Amino acid sequence: MIRQLATGLALATLMGSAAFAETIEVQMLNKGSDGERMVFEPAFVQAQPGDTIKFVAASRGHNAETVDGMIPEGAEGFAGKINKEIEVTLDTEGYYGVICKPHFAMGMVMTIAVGDAEVPADFLEGRIPRKAKERFEAQLANF
Ligand SMILES: [Cu+2]
């Protein structure tokens, strides 16, 4: 862990500009601050390569996992366990579609954009429940 941190710092120094990687927290909630049920908050995260996303099990019964076909080419997916906090460091630029498996059909989804990549044309082409698709579209509409 210390070693990883030191390597990260060395890399950040080498790269000069964007300095330190950030940790961005995402809450998994039964009810969002806008009253919507079964949400990730925030539902859209703009990150930089090397940033860490920390999924906080703020309400019970949720997890966070990537969807096959909704991660950048060459990136590794992840799958957290129900009720468990997980942290994932995203090094590959692109768009990551994240769902809560038990509530996918209820639209518990979020999008992470890493770097400046464009939304892939086929990002929403897979089998996605209607409510989830609507929320993905709303998340992407901001960009
Ligand atoms: Cu959930």
Side-chain angles (χ1 to χ4, degrees), residues 1-12 15 17-143:
M1 186 64 193
I2 302 270
R3 191 197 178 91
Q4 271 176 7
L5 199 62
T7 309
L9 287 178
L11 203 62
M15 288 163 69
S17 60
F20 302 100
E22 279 188 69
T23 296
I24 300 161
E25 275 196 17
V26 175
Q27 311 281 326
M28 302 186 277
L29 298 169
N30 292 343
K31 195 174 188 184
S33 52
D34 57 1
E36 288 277 325
R37 298 188 59 76
M38 307 306 173
V39 294
F40 291 97
E41 199 166 287
F44 186 94
V45 166
Q46 173 70 60
Q48 294 306 317
D51 283 352
T52 295
I53 314 296
K54 179 177 180 178
F55 292 93
V56 179
S59 304
R60 290 188 61 79
H62 306 291
N63 83 325
E65 63 181 71
T66 48
V67 186
D68 289 346
M70 295 183 77
I71 57 174
E73 227 179 287
E76 253 185 71
F78 58 84
K81 294 197 166 71
I82 304 279
N83 294 328
K84 294 289 184 206
E85 179 174 304
I86 58 158
E87 291 189 24
V88 290
T89 299
L90 303 177
D91 295 314
T92 306
E93 286 207 21
Y95 279 76
Y96 296 73
V98 177
I99 65 166
C100 165
K101 196 162 198 183
H103 303 121
F104 189 21
M106 293 175 72
M108 188 162 170
V109 301
M110 70 162 302
T111 305
I112 304 167
V114 176
D116 300 320
E118 300 274 317
V119 184
D122 62 354
F123 191 65
L124 296 176
E125 298 274 283
R127 287 179 57 120
I128 303 171
R130 189 175 56 84
K131 178 79 178 165
K133 195 165 189 174
E134 285 172 9
R135 285 200 180 156
F136 273 132
E137 283 167 351
Q139 291 156 21
L140 296 169
N142 297 322
F143 270 70

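Just so it is clear, the model here is predicted, and its values are computed rather than measured. Excluded from the calculations below are hydrogen atoms, water molecules and symmetry mates; all remaining heavy atoms, backbone and side chain alike, are included. Every number for a ligand or one of its atoms is a count from 1 in the order of the listing.
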A.B. asks: Output yes when a side-chain donor or acceptor of Gln139 lies under 3.5 Å from a complementary backbone atom of Val109, and no otherwise.
C.D. replies: yes
A.B. asks: Quick check: of its N, O or S atoms, which one does His103 have closest to the Cu ion (ligand 1)?
C.D. replies: ND1
A.B. asks: Counting only heavy atoms not in Glu85, do more than 12 fall under 6.0 Å of its CD?
C.D. replies: yes
A.B. asks: So which of Asp51, Ile112, Thr52 actually passes side chain to side chain contact (heavy atoms under 4.5 Å, CB included) with Ile24?
C.D. replies: Asp51
A.B. asks: Among the N/O/S atoms of His62, select the one at the shortest distance from the Cu ion (ligand 1) and name it.
C.D. replies: ND1
A.B. asks: Side chains of Glu41 and Ser33: any donor to acceptor distance under 3.5 Å?
C.D. replies: yes
A.B. asks: Does any N, O or S atom of Ser59, backbone or side chain, fall under 2.8 Å from the Cu ion (ligand 1)?
C.D. replies: no
